Asks: 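This is the structure, below, for whatever I ask next.
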There are 2 protein chains.
Amino acid sequence: MTDIDGRAVAKEIRADVAAAAAKLRADGTVPTFAVVVPTDDEGTAWYVRSIKKSAEKEGLDCRVVQLDSPGRDEIIAKLQELSADPDVHGIICQTPLPEGVTLAEVGGHISPLKDIDGANATNLGRLGAGLRTWPPATAEAVLELLKREDLTLSGARAVVVGRSTVVGKPAALLLLNESATVTVCHSRTKDLAAVCREADVLVAAVGRAGMIGADFVKPGATVIDVGTNPTDDGGLVGDVDYAAVAEVAGRLTPVPGGVGPVTTALLLRHVIEAAELSETHP
Amino acid sequence: MTDIDGRAVAKEIRADVAAAAAKLRADGTVPTFAVVVPTDDEGTAWYVRSIKKSAEKEGLDCRVVQLDSPGRDEIIAKLQELSADPDVHGIICQTPLPEGVTLAEVGGHISPLKDIDGANATNLGRLGAGLRTWPPATAEAVLELLKREDLTLSGARAVVVGRSTVVGKPAALLLLNESATVTVCHSRTKDLAAVCREADVLVAAVGRAGMIGADFVKPGATVIDVGTNPTDDGGLVGDVDYAAVAEVAGRLTPVPGGVGPVTTALLLRHVIEAAELSETHP
């Protein structure tokens with residue numbers, strides 16, 4: 001079994017990002033994105049700090065916009081304000097959102113030209129229609145990792161476990177664009193393990209620690225673990241039972257060190273692309 | 001084997017449409033849609049005439065806007081003009097489009113509030129995100145037929161053959177919204193017959209006459225045939241080899257008389273909904 005090294009991939013992407021950021025700055029543009037944080041959740045705060053630190057390391061500016069117990073209207077107003085701000089090239093609306101508010105609903109107020117994490121339904125549709133867009137970075141990270149492996153996605157059977165708007169569905173559409181035969185599973189799927197065993201490429205995005213065991217994996221399959229489940233001791237584990245699946249899979253992403261770092265690197269790449277876009281579409 | 005009777009379903013929907021149209025007219029609104037026809041293809045002309053006739057029968061107004069060898073810009077300009085016209089509630093851009101022009105690209109210029117056949121990528125994204133929208137009528141017809149049958153979609157294995165933006169992908173998203181376990185197949189799928197035999201619900205949307213044979217169908221499965229392939233003698237056949245599959249399937253839609261009439265009825269229902277929407281969002 002080979003570990004798929006997300007950190008190495010992220011490092012490559014970030015080197016390109018840093019070079020592009022330096023070029024933009026030399027041209028007088030500071031590539032800048034805003035992260036709207038509508039929660040005081042501690043895990044979220046930690047994650048946002050780590051994105052900001054990564055961004056600044058590569059020469060990007062990151063504005064953290066903390067909102068205090070906001071209502072739907074306040075979040076929407078802030079996203080609209082940032083969408084209209086010419087100095088902000090990219091916008092992320094962090095989750096979790098307040099009770100009763102969905103990302104799909106508020107994400108529609110992020111300008112599609114600044115929607116660097118694919119929160120606006122328009123960008124999901126553009127993905128489905130094969131038009132240029134930014135997919136949600138997590139879903140794109142899955143593909144970025146797969147494409148760097150020596151495997152043929154065209155005609156491969158891919159199974160995505162999880163049907164969220166931010167990971168499962170966009171990952172399925174991206175795999176379909178690569179001509180994989182794609183199955184989407186979820187909580188209502190019957191005999192999930194058997195369906196997963198059909199997969200040459202298995203993508204786990206359910207949010208349940210270690211639920212994908214060895215019996216879910218066809219021998220030799222490539223397994224991408226999108227899960228990031230916090231452990232009691234402050235660590236992080238994936239949706240895949242790593243030790244067990246490592247005995248069966250051909251390739252496997254570790255958690256941490258797999259999808260996560262690539263996701264962050266792709267967000268930064270999207271900021272660069274959005275900043276470049278703002279120069280041609282001011 | 002039971003035939004699924006699309007004509008009967010269409011009749012029910014159209015009765016509701018006629019009642020709603022009469023109510024709108026009594027309120028001073030004539031529910032109106034425009035069909036932009038950017039081709040002089042004879043089959044298309046026939047289809048558009050049949051939609052117009054159906055619409056007028058139920059009390060709707062249908063404007064056929066014929067364009068003569070138009071370029072991309074002319075089509076876009078017309079769609080924008082109709083999007084701004086307060087007397088037009090719904091807009092369809094008919095295919096085939098001129099060489100090099102895609103529906104995804106020009107469809108983005110149909111106002112989402114008038115996009116009654118789901119040609120704007122925004123509406124595909126809204127479908128994926130679970131937001132209110134009009135799916136492409138053909139894809140919705142598949143679900144409309146399935147929901148009226150005595151079967152449980154939640155947890156069922158559904159296989160969609162075809163990954164087009166107007167049928168395959170939206171049908172897959174609709175089935176996923178109903179909690180089916182959904183597989184999308186296409187020209188690159190290996191051992192297509194075996195994958196199709198996994199299906200409790202099989203949706204054929206490939207556009208190749210009779211290519212789905214008995215060996216593609218699990219005994220007792222429900223088969224929805226979206227194909228409408230013209231025959232040499234001026235008739236229409238589906239993607240399913242009807243005679244052969246009828247020996248194996250539990251339920252099957254005929255062609256003609258299956259998905260087709262329901263598609264037209266749903267288009268008319270969308271016009272009514274768009275006209276009602278225009279009263280609240282003028």
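Keep in mind the model is a prediction, meaning the values are calculated, not measured.
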Asks: Identify the residues of residues 179-194 of chain B whose heavy atoms come closer than 4.5 Å to a heavy atom of chain A, ordered by number, or report 'none'.
Replies: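 Near chain A, by residue number: B:Ser179, B:Ala180, B:Thr181, B:Val182, B:Thr183, B:Val184, B:Cys185, B:His186, B:Arg188, B:Thr189, B:Lys190.
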Asks: Going by residue number, which parts of residues 195-204 of chain B are within reach of chain A, meaning a heavy-atom gap below 4.5 Å?
Replies: B:Val195, B:Glu198
Asks: Counting heavy-atom pairs under 4.5 Å to chain B, which of A:Leu176, A:Leu173, A:Val159, A:Leu124 comes out on top?
Replies: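 Top count of heavy-atom pairs under 4.5 Å with chain B: A:Leu176.
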Asks: Examine whether an atom of A:Leu103 lies under 4.5 Å from a heavy atom of chain B, and if so say whether it belongs to the side chain, the backbone or both; otherwise answer neither.
Replies: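 No part of A:Leu103 comes within 4.5 Å of chain B.
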Asks: Looking only at heavy atoms, which of residues 138-155 of chain A get nearer than 4.5 Å to chain B?
Replies: A:Ser154, A:Gly155
Asks: Is A:Leu131 close to chain B through its backbone or its side chain, or both, or neither, when contacts mean heavy atoms under 4.5 Å?
Replies: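 Contact with chain B: side chain only.
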Asks: Can you check whether anything in residues 160-171 of chain B gets within less than 4.5 Å of chain A, heavy-atom wise, and list it by number?
Replies: B:Arg163, B:Thr165, B:Lys169
